[in-house]
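To start, the structure itself, in structure tokens.
Quick caveat: nothing in here was measured; it's all calculated off a predicted structure.
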Amino acid sequence: GAMWARFRSLTTGKKVLFVNHHGPLPVGTGGKCGRHATAWNLLKTIARRSQASDGIVLVGDFNADADTLTVKELEHRFNRVYTGKSFGGVDHVFSNCGGSRVISRKNLGDGGSDHDALEVVLQL
């Protein structure tokens with residue numbers, strides 16, 4: 001599933017749609033509906049909730065590494081700006097902002113979790 005929120009900067013008025021996803025198990029399968037459907041459902045949620053000028057950030061434990069169809073489908077539409085190392089790289093940050101708009105990215109370590117905390121700073 002996915003949780004989302006839209007935020008607006010009080011100083012610039014720019015908006016961002018932030019989506020957090022926790023992917024289905026077993027890892028790499030896309031769960032009951034499959035890898036393609038998982039990607040499609042995320043894209044459908046983003047399309048329904050975003051506006052044309054929004055910055056979009058999609059993050060989470062996708063339970064899918066970079067070589068899976070789920071991630072490859074998302075990469076057709078978004079920049080994969082960072083991937084963690086936990087469980088073979090199942091934690092990802094995607095955005096419609098990429099390249100020079102990625103100011104920094106850092107793995108902050110596990111901090112007591114079974115996954116690493118990932119930090120990405122984007123310029124909208």
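The two residues I103 and S100 come nearest to each other via the heavy atoms CD1-O, 4.1 Å. Of all heavy-atom pairs spanning Y82 and R105, the tightest one is CD1-CD, 3.5 Å. In this structure, L122 and C97 approach most closely via the heavy-atom pair CD2-O, 4.1 Å. Closest non-hydrogen pair, G55 versus L124, comes out as CA-CD2, 3.9 Å.
For R48 and T45, the side-chain atoms include no donor-acceptor pair closer than 3.5 Å.
Looking at S113, its side chain never comes within 3.5 Å of a backbone N or O of D110 through a donor-acceptor pair. A donor-acceptor pair is defined here as one N or O able to donate and one able to accept, closer than 3.5 Å; such a pair exists between the side chain of S95 and the backbone of I56. With hydrogens and angles disregarded, a donor-acceptor distance shorter than 3.5 Å links the side chain of N41 to the backbone of A37. Judged by distance alone, the side chain of T70 and the main-chain N or O of R35 form a donor-acceptor pair under 3.5 Å.
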(request) Begin with the C-alpha distance, continue with both residues' side-chain angles, and end with the deciding distance and a verdict on side chain to side chain contact (heavy atoms under 4.5 Å, CB included) for V19 and V57. (result) CA-CA 6 Å; V19 181; V57 180; over 6 Å; no

(message) Set out, in order, the CA-CA distance, both residues' side-chain angles and the distance that settles side chain to side chain contact (heavy atoms under 4.5 Å, CB included) for K106 and L118, then state yes or no.
(response) CA-CA 6 Å; K106 187 182 340 180; L118 307 179; over 6 Å; no

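Surrounding CH2 of W40 are at most 12 heavy atoms belonging to other residues, nucleotides or ligands under 6.0 Å away. Summarising the local packing, CZ of R8 is surrounded by 12 or fewer heavy atoms from other residues, nucleotides or ligands at distances under 6.0 Å.
Under a 4.5 Å side-chain heavy-atom criterion applied to ILVMFWY residues, the cluster that includes F87 comprises L25, V27, V90 as well.
Expressed to the nearest 0.5 Å, how far CG of L74 lies from CG of N79 amounts to 12.0 Å. Between atom NZ of residue K14 and atom OG of residue S53 there is a gap of 10.0 Å, rounded to the nearest 0.5 Å. In this structure, CG in L17 is found 9.5 Å from CZ in R49, a value given to the nearest 0.5 Å. With values rounded to the nearest 0.5 angstrom, R77 atom CZ is found 11.5 Å from L42 atom CG.
Here the side chains of Q51 and R6 are in contact, with some heavy-atom distance below 4.5 Å. Looking at F18 and F7, their side chains come closer than 4.5 Å, going by heavy atoms from C-beta outward. For the pair E73/H36, a side-chain contact is recorded, criterion being any heavy-atom separation below 4.5 Å from C-beta on.
Under the side chain to side chain contact (heavy atoms under 4.5 Å, CB included) rule, L58 has a single partner from I46, V93, N20, L43, which is I46.
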If you look only at distance, which donor and acceptor atoms sit under 3.5 Å apart when one is on a side chain in residues 59-68 and the other is two or more places apart or in another chain?
from, atom 1, to, atom 2, distance (Å)
D61, OD1, N63, N, 3.0
D61, OD2, H22, NE2, 3.2
D61, OD2, H115, NE2, 3.2
N63, ND2, G23, O, 2.7
D65, OD1, D67, N, 2.8
T68, OG1, D65, O, 2.8

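The side-chain hydrogen bond (donor to acceptor under 3.5 Å, both in side chains) check on D116 picks up N107, with sequence neighbours excluded.
Under the 4.5 Å side-chain heavy-atom criterion for Ile, Leu, Val, Met, Phe, Trp and Tyr, V16 and V120 are members of the same hydrophobic cluster.
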